[in-house]
Amino acid sequence: MAAAAAAALRAWFWNERFWLPHNVTWADLAGEPDGGLQYPRASHVLSAFPLALGIFAVRLLFERFIAKPCAINLGIQDSGAHRAQPNAILEKVFTSITKSPDGKRLEGLSKQLDWDVRKIQRWFRHRRNQDKPTIITKFCESMWRFTFYLSIFLYGIRFLWTPLTSRLYYYYILELAFYWSLMFSQFTDIKRKDFLIMFVHHLATIGLITFSYMNNMVRVGTLVLCLHDASDFLLEAAKLANYAKYQRLCDAFFMLFGVVFIVTRLGIYPFWILNTTLFESWELIGPYPSWWLFNGLLVTLQILHVIWSYLIVRTAYKALVRGKVSKDDRSDVESSSEEEDVTSNSTKGVFSTSSNGSNRINGHVAGGQWTEDE
């Protein structure tokens, strides 16, 4: 009974009329038994799970033994914020009620503790900053992402002009494993204002990478992955320069990132990638149920591109006015310290942006095939 139910569920989930065009079956994608042409298979994506754990372990080692020594050599101090004076009453308010009490609550606490209001405000400011990750922690995270994004971009761009080979399998699985590792680590990484958006984005990206691979949409998938990788490492480079207090280098990297981001996300992506997946594929093979699903997610990503591009342009405009990049409004503003001293921010020019590691998804292609490497 259980075996029959499992077989029925599997047949329902892998219904060819949902996943494939009308003239294609799963048998067509089975490959040749003699080891010639090979196509992506659903079982391949399972290898991403142990690889994701491996990537997460490599990250921990990288941040501790490579990134941290680099930060120390650059003069970045591993010192935390000023710790707030222990106070049970204020701590209870901070953890259970609010991290930023209003005037009325401040007056009540002032009477209860016989403290000056400014002293209480200072306590809450120190308490918020106490939870803020140190600069060296942020540097290590950014250096890991910079290293991965740059490496995977250089590795993946090779497949833009070459036939589909088994090496593309490693590229796809590495990208998928990396996003699974982000799913594991995002709950312990630096918390940012766009945490929920990025959580949904990671889920969508994992789904698109997985299903585009299983449906043999790997050609456009590779294009989209490389397209998004092109700007991610520039953003992380800007953040590294900022943490190391190389402000001019930070500004230059951020401006370059903004140009590449807008050209790729508002230019190449909609007019080349989406044009292919929405219109050309409609004419070649026609729509089918999973076609609507994939293109709906791709269009959703384009909407996010527009929103993020607006925030980047706004940040760039502020940089031109102030003479330096102060903050990218997209993300990477720690939720525990959104109200830091204005004086401190204005003098240090803190550049806070998120990698948006994730700005990657996959498109659509029909008829791609594997060839074994010589």
Side-chain angles (χ1 to χ4, degrees), residues 56 59-60 63-64 67-68 71-72 75-142 144 182-202 239 242-243 245 311 314-315 318 322 325-356:
F56 184 70
R59 172 189 171 174
L60 296 178
E63 290 184 355
R64 179 171 182 178
K68 189 173 182 178
I72 294 174
I76 300 175
Q77 301 297 321
D78 191 13
S79 57
H82 184 278
R83 300 189 66 84
Q85 175 184 346
N87 187 290
I89 295 176
L90 296 181
E91 184 67 25
K92 183 176 181 180
V93 173
F94 182 87
T95 56
S96 304
I97 302 177
T98 178
K99 297 180 180 181
S100 301
D102 56 20
K104 183 177 180 180
R105 189 175 298 278
L106 287 172
E107 290 290 345
L109 291 171
S110 176
K111 294 178 181 179
Q112 183 178 0
L113 297 172
D114 194 24
W115 281 17
D116 182 78
V117 170
R118 291 182 60 84
K119 183 178 180 180
I120 297 176
Q121 289 177 322
R122 186 164 54 252
W123 187 96
F124 275 94
R125 183 173 66 252
H126 289 163
R127 184 62 182 83
R128 287 193 298 269
N129 290 339
Q130 182 177 312
D131 292 338
K132 176 185 175 183
T134 62
I135 296 297
I136 200 170
T137 299
K138 293 188 285 187
F139 180 93
C140 292
E141 179 180 310
S142 290
W144 160 250
L182 288 182
M183 289 295 293
F184 301 150
S185 65
Q186 66 181 334
F187 298 100
T188 58
D189 285 345
I190 299 168
K191 295 297 185 297
R192 300 179 170 93
K193 291 194 298 185
D194 62 351
F195 172 83
L196 181 59
I197 295 176
M198 293 309 301
F199 178 75
V200 175
H201 180 273
H202 292 338
K239 293 165 66 176
N242 175 73
Y243 298 145
K245 301 188 186 312
L311 295 174
R314 187 170 70 175
T315 301
K318 291 179 180 178
R322 298 173 181 174
V325 177
S326 61
K327 182 179 70 175
D328 177 2
D329 293 317
R330 290 189 314 155
S331 58
D332 197 41
V333 178
E334 289 72 25
S335 59
S336 61
S337 58
E338 292 179 16
E339 300 177 18
E340 297 181 64
D341 288 341
V342 175
T343 303
S344 175
N345 279 346
S346 62
T347 56
K348 291 189 294 183
V350 177
F351 174 72
S352 316
T353 47
S354 111
S355 64
N356 194 25

>> Does this structure show an ion pair linking Glu107 with Lys111, if we count only N-O contacts that are shorter than 4.0 Å?
In response: no
> Can any side-chain N or O of Thr315 pair as donor or acceptor with the backbone N or O of Leu311 at less than 3.5 Å?
Replying inline: yes
>> Restricting to non-hydrogen atoms, name the atom on Leu90 and the atom on Asn87 that form the minimum distance, rounded to 0.1 Å.
In response: N-OD1, 3.0 Å
>> In the structure I gave you, are the side-chain heavy atoms of Lys68 and Ile136 within less than 4.5 Å of one another anywhere?
In response: yes
> Do Lys119 and Leu113 have side chains that get closer than 4.5 Å, going by heavy atoms?
Replying inline: no
>> So, using ring-ring contact (aromatic ring centres under 6.0 Å, His included) as the criterion, who are the partners of Trp123 when residues are at least two apart?
In response: none
> Taking atom CZ of Arg105 and atom CD1 of Ile120, what is their separation to the nearest 0.5 Å?
Replying inline: 12.0 Å
>> Restricting to non-hydrogen atoms, name the atom on Phe124 and the atom on Phe94 that form the minimum distance, rounded to 0.1 Å.
In response: CD2-CD1, 3.8 Å
> Does Thr98 have any side chain to side chain donor-acceptor pair (under 3.5 Å) partners at least two apart in sequence or in another chain, and if so, which?
Replying inline: none
> Does the pair Ile89 and Gln112 meet the rule for a side chain to side chain contact (heavy atoms under 4.5 Å, CB included), with working shown?
Replying inline: CA-CA 9 Å; Ile89 295 176; Gln112 183 178 0; 3.6 Å; yes
> So how far is it from Ser100 OG to Arg125 CZ, rounded to the nearest 0.5 Å?
Replying inline: 11.5 Å
> Which pair of non-hydrogen atoms, one from Phe199 and one from Met183, has the smallest distance, and what is that distance?
Replying inline: CE1-CE, 3.6 Å
>> Please give me the minimum heavy-atom distance between Glu141 and Glu63, naming the atom from each residue.
In response: CA-OE2, 3.5 Å
> Is the backbone of Lys99 close enough, under 3.5 Å, to the side chain of Arg128 for a donor and an acceptor to pair up by distance?
Replying inline: yes
> side chain to side chain contact (heavy atoms under 4.5 Å, CB included) between Glu91 and Arg127: does it pass, once the steps are laid out?
Replying inline: CA-CA 9 Å; Glu91 184 67 25; Arg127 184 62 182 83; 2.9 Å; yes
